[in-house]
**Student:** 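Encoded as structure tokens, here's the structure I'll be asking about.
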Amino acid sequence: MRILTGDECGLLKETIPEHCRPKRADNLNPIKTPRSTLDGVRRVDPNEAQRRARGVIGVSFSSTDSSSSFAALRANGTIQLWESTRNVPKESFGSYQCTGVVPNVFEKAGS
């Protein structure tokens, strides 16, 4: 399973819960690890700016047979379209590329 989230500081993150809590060698019970572990969490774009004005307000998902994509609405009104190919193994993080940006959708035309 993959979980894509955005936070109030503008970071988009992908989480693979199975990586967050490693199992013991006998696979019976999870090893007790601190809840604050960063294993299993990765930024979608490691170079994106971290600012509250870019905070993620909403994420909407879309997919086809060959790719999956999502759009992120930011606090400054910008919408970004991100795409990933589906050929990524379940246990590996995806590779995402920003394929489109719509500037402030809340700004009035001509102002």
Side-chain angles (χ1 to χ4, degrees):
M1 172 178 25
R2 291 176 201 282
I3 301 170
L4 287 166
T5 60
D7 67 18
E8 73 280 1
C9 290
L11 298 182
L12 291 165
K13 294 174 263 189
E14 178 181 30
T15 303
I16 301 176
E18 294 83 359
H19 290 270
C20 293
R21 193 161 298 265
K23 297 216 178 258
R24 294 187 336 194
D26 59 15
N27 282 335
L28 294 178
N29 296 308
I31 298 171
K32 298 293 183 195
T33 58
R35 291 186 184 270
S36 62
T37 182
L38 293 178
D39 293 340
V41 179
R42 195 186 80 172
R43 290 170 63 171
V44 169
D45 179 3
N47 300 316
E48 72 184 320
Q50 186 173 355
R51 294 189 308 266
R52 289 201 182 269
R54 292 176 38 85
V56 178
I57 296 189
V59 177
S60 180
F61 297 91
S62 170
S63 65
T64 64
D65 289 340
S66 61
S67 70
S68 61
S69 62
F70 68 93
L73 173 63
R74 297 189 176 271
N76 63 8
T78 301
I79 297 176
Q80 290 179 310
L81 178 63
W82 293 86
E83 292 193 30
S84 170
T85 57
R86 285 191 181 256
N87 299 333
V88 178
K90 284 174 52 173
E91 63 277 350
S92 298
F93 287 104
S95 176
Y96 298 90
Q97 179 178 3
C98 183
T99 59
V101 176
V102 178
N104 192 347
V105 295
F106 302 117
E107 185 175 79
K108 291 183 181 179
S111 47

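Just so you know, residue 1 is the first one in the sequence shown, and it goes up from there. In this text, all values refer to a predicted model and were calculated from it rather than measured experimentally. Every heavy atom of this structure was used, including side-chain atoms; hydrogens, water molecules and symmetry mates were not.
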**Student:** Ignoring hydrogens, what is the shortest heavy-atom contact between Cys98 and Val101? Give both atom names and the distance.
**Tutor:** SG-CG2, 3.8 Å
**Student:** Compare every heavy atom of Val44 with every heavy atom of Glu14, then report the nearest pair and how far apart it is.
**Tutor:** N-CG2, 4.2 Å
**Student:** Can you check whether Lys13 reaches Leu4 side chain to side chain, under 4.5 Å on heavy atoms?
**Tutor:** no
**Student:** Which heavy atom of Val56 sits nearest to which heavy atom of Arg74, and what is that distance?
**Tutor:** CG2-NH1, 3.7 Å
**Student:** If you define the side chain from C-beta out and look only at heavy atoms, does anything of Ile3 sit under 4.5 Å from Thr5?
**Tutor:** yes
**Student:** Could you pull out the closest heavy-atom pair between Ile79 and Ala71, with the gap in Å?
**Tutor:** CG2-CB, 4.2 Å
**Student:** Ring-plane angle category for Phe70 and Trp82, please: parallel below 30°, perpendicular beyond 60°, tilted otherwise.
**Tutor:** parallel
**Student:** Do you know which of Arg52, Arg54, Arg51 makes side chain to side chain contact (heavy atoms under 4.5 Å, CB included) with Cys9?
**Tutor:** Arg52
**Student:** Looking only at non-hydrogen atoms, find the nearest pair between Ala72 and Leu12 and report the distance.
**Tutor:** CB-CD2, 4.2 Å
**Student:** Drop me the distance from Glu83's CD to Ser95's OG, to the nearest 0.5 angstrom.
**Tutor:** 11.5 Å
**Student:** Compare every heavy atom of Val105 with every heavy atom of Leu73, then report the nearest pair and how far apart it is.
**Tutor:** CD1-CG2, 4.4 Å
**Student:** Taking side chain as C-beta onward, heavy atoms only, is Tyr96 less than 4.5 Å from Asp45?
**Tutor:** no
**Student:** Please report the interatomic distance CZ(Arg43) to CD(Gln50), rounded to the nearest 0.5 Å.
**Tutor:** 6.0 Å
